[in-house]
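Sequence lines set the chain letters: A, B, ... in the order given, protein chains first and strands last, and positions in each chain run from 1. As the structure is a computational prediction, the values presented were derived from the model and not from experiment.
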Number of protein chains: 2
Amino acid sequence: MSVQSGPPAADQATPELEAYTLLRQVNSMMDTYNRFDLRSEDLTVPQFMILNYATADGVPLSEISARMLCDNSNLTGIVDRLISKGYVQRRPDPQDRRVSLICLTAAGAEKLRRIKPRHHARVSRRMRSLSEAQVHELRNLLQQLFAGLQEPVGEDDSPSA
Amino acid sequence: MSVQSGPPAADQATPELEAYTLLRQVNSMMDTYNRFDLRSEDLTVPQFMILNYATADGVPLSEISARMLCDNSNLTGIVDRLISKGYVQRRPDPQDRRVSLICLTAAGAEKLRRIKPRHHARVSRRMRSLSEAQVHELRNLLQQLFAGLQEPVGEDDSPSA
DNA sequence: GTAATTCCTTTCCAGATCGAACTATATCAC
DNA sequence: GTGATATAGTTCGATCTGGAAAGGAATTAC
């Protein structure tokens, strides 16, 4: 605003920044809705996610954290809470004693069976403002963006900074 | 992949769910990158966001929380930390004594001036995997989705649940 | 004016998150 | 085997987050 001469100040305005800002906002709103939905089930969003990744046979904690793109240390506490609610349990892996398998209990499976379809339906319903073709388009763009983000990112612009 | 006979289990598979899952993942990765970028500047992501919304003249805390789509109560602590770092300060609003204005200090403005352009450049660079047209397309889709999310959401599907 | 209501902010608590340090186990090098 | 390295999970401290409750202040109803 106070820069004279060239108009480089227009704060953000690049389509990339706008897209990213919107992505954050959409994510935030979806999260708020999900939190609200799951509240009546006495589950938090991360608790529900872990429940979705756990199986009766057991899944290593680090496999879950990898899929959730978070650190192992996050899950310790969340799993503790799920255990206290009776939805999962920890079992040592006989093959690798470092591993603790997260096992869905019968109660957990039942809970999941009851609320997962409804939750998915709600998520889909909230995207009704997009046509079927637009949903596909969005998914493809995000897929491409996600793939691009996995690469090490060759620094090139502003090499001096 | 391993599903035999009837595919009733296909777990998610709807384009909506896939799109939403990708949106979460992209957001998560972008956030990780941002956190890493700002770390060398001794700033967290939310601290940086507040810095971006604050002005020298002062902005009501609730205006910032509205823009950040978060609760007022979140910002109290973050602002406290920014104050202890000397980047903002609180000033009472003479017009409305309930309001506390968040004011960018000279040090805060200087910090922002130094890191904001670089940060924006990095965000843009991370979206290089999309063409210019695709970025526009993504922005438009997210804009439409965001607008749709603001509406009260007329419950229609699964009305009995 | 007073009372009721609404609004702005802070405080408190539970939960989640990251990052670093630590323990235990596994694997590799030799 | 021993030692170095890597991996799995936990613990801890700092930060962020939402939600509820409380305080002070503005606004409205009367």
Side-chain angles (χ1 to χ4, degrees), chain A residues 24 27-51 58-85 88-103, chain B residues 24 27-51 58-85 88-103:
Chain A
R24 284 188 72 108
N27 188 67
S28 173
M29 293 206 63
M30 291 291 282
D31 217 65
T32 299
Y33 283 129
N34 290 338
R35 198 179 316 118
F36 182 79
D37 288 347
L38 293 169
R39 244 196 112 175
S40 54
E41 298 291 342
D42 192 35
L43 282 179
T44 65
V45 171
Q47 282 168 18
F48 179 66
M49 290 182 72
I50 292 184
L51 233 45
V59 179
L61 185 135
S62 45
E63 189 177 319
I64 299 181
S65 66
R67 293 226 250 165
M68 288 175 64
L69 300 184
C70 75
D71 197 86
N72 281 345
S73 60
N74 297 335
L75 301 193
T76 302
I78 308 177
V79 167
D80 286 347
R81 274 158 229 131
L82 284 175
I83 289 175
S84 76
K85 292 177 185 177
V88 300
Q89 60 186 68
R90 266 186 261 258
R91 210 187 318 142
D93 184 341
Q95 259 67 54
D96 185 337
R97 288 191 302 168
R98 294 171 302 178
V99 173
S100 123
L101 297 170
I102 310 303
C103 307
Chain B
R24 284 187 72 106
N27 188 67
S28 173
M29 293 206 63
M30 291 292 282
D31 217 64
T32 300
Y33 283 129
N34 292 338
R35 197 179 318 117
F36 181 79
D37 288 348
L38 293 169
R39 244 197 110 167
S40 54
E41 298 292 343
D42 192 35
L43 281 180
T44 66
V45 171
Q47 282 167 19
F48 179 66
M49 290 182 71
I50 292 184
L51 232 45
V59 179
L61 185 134
S62 45
E63 189 177 319
I64 299 182
S65 67
R67 293 226 249 166
M68 287 175 64
L69 301 183
C70 74
D71 197 87
N72 282 345
S73 60
N74 298 335
L75 300 193
T76 303
I78 307 176
V79 167
D80 286 348
R81 274 157 229 130
L82 283 175
I83 289 175
S84 75
K85 291 177 184 178
V88 300
Q89 61 186 67
R90 268 187 260 257
R91 209 188 318 144
D93 184 339
Q95 258 67 54
D96 185 337
R97 288 190 302 168
R98 294 171 302 179
V99 173
S100 127
L101 297 170
I102 311 302
C103 307

Round to the nearest Å and state the distance from [X] atom [atom1] to [N] atom [atom2].
{"X": "Ile83(A)", "N": "dG9(D)", "atom1": "CD1", "atom2": "P", "answer": "13 Å"}
{"X": "Asp93(B)", "N": "dT10(C)", "atom1": "CG", "atom2": "P", "answer": "13 Å"}
{"X": "Leu38(A)", "N": "dG15(C)", "atom1": "CG", "atom2": "P", "answer": "15 Å"}
{"X": "Ile64(A)", "N": "dA8(D)", "atom1": "CD1", "atom2": "C1'", "answer": "13 Å"}
{"X": "Gln47(B)", "N": "dT15(D)", "atom1": "CD", "atom2": "C1'", "answer": "8 Å"}
{"X": "Leu61(B)", "N": "dC8(C)", "atom1": "CG", "atom2": "P", "answer": "11 Å"}
{"X": "Asp31(B)", "N": "dG19(C)", "atom1": "CG", "atom2": "C1'", "answer": "15 Å"}
{"X": "Asp80(B)", "N": "dT9(C)", "atom1": "CG", "atom2": "P", "answer": "14 Å"}

| query | With respect to the side chain of Ser100(B), which nucleotide from dT10(C), dT10(D), dT15(D) is positioned closest? | reply | dT10(C)
| query | Out of dG9(D), dT10(C), dT9(C), which nucleotide sits closest to the side chain of Val99(A)? | reply | dG9(D)
| field | Derivation and outcome, side chain to side chain contact (heavy atoms under 4.5 Å, CB included), residues Ile78(B) and Met49(B) | value | CA-CA 10 Å; Ile78(B) 307 176; Met49(B) 290 182 71; over 6 Å; no
| task | Report the C-alpha distance between Gln47(A) and Lys85(A) in whole Å, list the side-chain angles of each, state the deciding distance to 0.1 Å, and finish with yes or no for side chain to side chain contact (heavy atoms under 4.5 Å, CB included). | result | CA-CA 11 Å; Gln47(A) 282 168 18; Lys85(A) 292 177 185 177; 2.8 Å; yes
| query | Is the side chain of Ser28(A) donor-acceptor paired with the backbone N or O of Arg24(A) at a distance under 3.5 Å, no angle test? | reply | no
| field | Footprint string (nucleotides 17-26 of chain D, 5' to 3'): B base within contact, S backbone only, - free, heavy atoms under 4.0 Å | value | BBBB---BBS
| Residues which pass salt bridge (Lys or Arg N to Asp or Glu O under 4.0 Å) with Arg98(B), listed by chain and number, not counting sequence neighbours | Asp96(B)
| request: Rounded to the nearest 0.5 Å, what's the gap from CD1 on Ile64(B) to CG on Asn72(B)? Could you check? | output: 10.0 Å
| remark: To the nearest 0.5 Å, atom CD1 of Ile102(A) lies from atom CG of Leu51(A) at 11.5 Å
| request: Please determine if Arg35(A) and Asp31(A) form a salt bridge, counting it only when a charged side-chain N lies under 4.0 Å from a carboxylate O. | output: yes
| query | Looking for any heavy atom pair under 4.0 Å, which part of the strands does Ser62(B) touch: base, sugar-phosphate only, or nothing? | reply | sugar-phosphate
